[in-house]
Amino acid sequence: MALVIPVILCGGSGTRLWPLSRSGFPKQFLVLSGDGSSQSLFQQAVERIRTVANQEIQMGSTLVVTNEDHRFLVLDQLRELKNVEATLLLEPVGRNTAPALNMAALCAQQIAQGQDPILVITPADQTIQNQIAFTKALQDCIQTVQSSDDAIAILGITPTAPETGYGYIQRSGEKDQNNAFTVARFVEKPDSKTAQTYLAEGSYLWNSGMFVLKASTWLSAVKAFRPDIFETSQKAWSCKSEDSSGGIGFIRPGKKEFSAIPGESIDYAVIEKCPGSQYPIKMVELDAGWNDLGAWDAVWQVGQRDVSGNVTSGDTLLTNSKNSLVHASSRLVSAVGVENLIIVETADAVLVADRKNSQDVKNIVTQLESQKREEKNLHRKVARPWGWYDSVDEGERFKVKRIQVKPGASLSLQMHHYRAEHWIVVKGVAEITNGDQVITLTENQSTYIPQGQTHRLANKGAEPLEIIEVQSGSYLGEDDIVRFEDTYGRS
C-alpha cells in the first residue's frame, strides 16, 4: 500500500485579487469559488486531496507549508474541518516553492519513519468543479510514481482558451497503462499568437502546478540540479524547532539558515530540467473545470451567473448591466448600465476595473506599497490568534475599535508608551489585568487603562467576548506595543 502525504503550498499574497486579498489575509483563506461552498480555497484543497484514499492508497498527515504570520489563520481553518491531522511547516521568510518542497520532503520522511512516502503537491488557491475526475487523475499520477523509479507525475489541464497567463506542457507519444503521457518539454507563458497555435496543435496543456513524486526523488533531483538549494535547506532543517497546539504540529526551520536558501520555484529549479534526464516527467490530463483564480476575471468565470451574465456577492442591486462581477462586503453596492466590469467593495477600499484588465490590479498594489499605505496589508477588520479587531473610526488623537476575543483566549500582557485606552464590555465576560489589579467586567461595564500601564484582556468564558476600545494619545500605531507575556510566541 502506498503511503501518500498531501503537501499544501499555502504562501503568496494574491495581489491581483486586491482589495479582498491582502498580504495579512490572502486569497487562499477566502471563500471565492462561486459554487456555493462555505469553505475557503485552502480548506477545499485540504479536503480535495484526501478523496484519493482507497484500498491501495493510505493517506498520511497533511503538510501545510505557510509563513509564520499566517499560522493561526491556517490553524483556525484546519480546526473547522473534520478528522484532519496536519503539520504546519512555518517559513520565517519567503523563498519560493523549491525550498518549501525541500522542507516538506524532509518532514515527510520524518513522519513516514523509514518509508519513502509519495508526496502530492498542490497550491492552496485553486478550484476544481469535477471532483470525481480530479480524484481519478490524481490516483493515476500516484500509480505512475509508484510503478516507476524516479518518475515525477504532473497534472496537465485541458486548455479551453489560448490563455497567456499560464505555462504550457507539451506531451509526446501515447498514453500508457496509467493514462500518463511522456512530457516532451515545458514552455513559458506565451504571447497570444503562440497560445492560439498551441491550442490548435492539440498536444499542449496548461501547467497546473500540481505534482506527484516520491520524497526521495525530489531530494535526489534537487541535489543533482540545484545543490546549493539542497545543501542550504539541509542546514535549515537541521536547526529546526518543533511544538504543537491542539494536536497540530508546528515545525520551524532555522531562521538564519532558511534565509540563506536561494529562492527559486519548483519548476525552474527542477521540473523543467527533468525531460530527458534520469527523472522522467509523466503527465496525466485533467479536464475537471480547473481554475487557479489568479485574477478577478477568473472569479467571474467560475461564479454563478444570472441571465445577464453577472456574478454578484453580498448586498448588491444591478439594473441594465451585463457580464460584470460585483462583490459587496460591508454595504449596499449598486450598478446601472455597466458591462464587463469588476466592482469589489470592502470596508476601507473599492476597486473598479475593466474585466479584461483585471490582471493589472497588481499595479494598484505596487502603488499602495510605494506609498506605504496599510490597505496593501490589512483589512479594516484584522484577524488575530485570539480573535479579531475592527477599526471602526479614527481621527486626530483618537481611534475606536471593536474587539472580539475567542472563548478561552487572551491578549498578551502589554503596555503602550503613547496612548491610553477605555474598554467597554458589550458582550460576554471580561477578565482584565490593569496594573496590579485583576477585575471582572460584564455587559455595560467599563474600565480605563492609563498610558504606560501594564494590562491584559482575557475571555475565561464559553462565549465570545466583545468590547469597544477607545484609544487616545499622541500616537496610535499598531507598533506602539511592548509585550511582556504572550501565549502565541510574539515579541
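Quick caveat, the model's predicted, so the values are computed rather than measured. Worth knowing before you read on, the calculation uses all heavy atoms, side chains too, and leaves out hydrogens, waters and symmetry mates.
Looking only at atom types and distance, the side chain of Asp140 has a donor-acceptor partner in the side chain of Asn179 under 3.5 Å away. Looking only at atom types and distance, the side chain of Gln131 has a donor-acceptor partner in the side chain of Thr135 under 3.5 Å away. The closest side-chain donor-acceptor pair between Asp297 and Gln301 falls under 3.5 angstrom. Side-chain contact annotation: Glu339 with Ser324, donor-acceptor N/O pair under 3.5 Å absent. Asn323 and Asn310 form no side-chain donor-acceptor contact under 3.5 Å, judged by distance and modelled atom types alone. Using modelled atom types and a 3.5 Å distance limit, the side chains of Ser265 and Asn96 yield no donor-acceptor pair. Between the side chains of Arg50 and Thr62, at least one donor N or O lies within less than 3.5 Å of an accepting N or O.
Of the charged side-chain nitrogens involved, at least one lies within less than 4.0 Å of a carboxylate oxygen, so that Arg22 and Asp348 count as a salt-bridged pair.
Of all the heavy atoms in Leu318 and Ser321, the pair that sits closest is CD2-CB, 4.2 Å. Across every non-hydrogen atom of Pro6 and Met59, the tightest pair is CG-CE, 3.4 Å. Here the closest non-hydrogen pair linking Ala137 and Glu285 is CB-O, 4.3 Å.
Figure legend: Arg226 and Phe230 shown without cation-pi pairing, the cationic atom not lying both under 6.0 angstrom from the six-membered ring centre and within 45 degrees of its axis.
With values rounded to the nearest 0.5 angstrom, Ser244 atom OG is found 11.5 Å from Leu88 atom CG. The CD atom of Gln126 lies 4.5 Å from the CE atom of Met210; values are rounded to the nearest 0.5 Å. Rounding to the nearest 0.5 Å places NZ of Lys193 at 15.5 Å from OG1 of Thr164.
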Legend entry - Asn377 and Ser23: CA distance, side-chain angles, deciding distance, side-chain hydrogen bond (donor to acceptor under 3.5 Å, both in side chains) verdict: CA-CA 5 Å; Asn377 303 310; Ser23 58; 2.8 Å; yes
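Ring orientation note: the planes of Trp290 and Trp206 are tilted relative to one another, at an angle of 30° to 60°. Note on ring orientation: taking the six-membered ring where Trp is involved, the planes of His327 and Trp296 are tilted (angle from 30° to 60°).
In terms of modelled atom types and a separation under 3.5 Å, the side chain of Gln43 and the main chain of Gln77 share a donor-acceptor contact.
Between Leu155 and Val212, the closest side-chain pair of non-hydrogen atoms is not below 4.5 Å.
Phe29 and His70 have their aromatic ring centers within a separation under 6.0 angstrom.
For Lys322, the NZ atom counts as loosely surrounded, since its 6.0 Å shell holds 12 or fewer non-hydrogen atoms of other residues, nucleotides or ligands.
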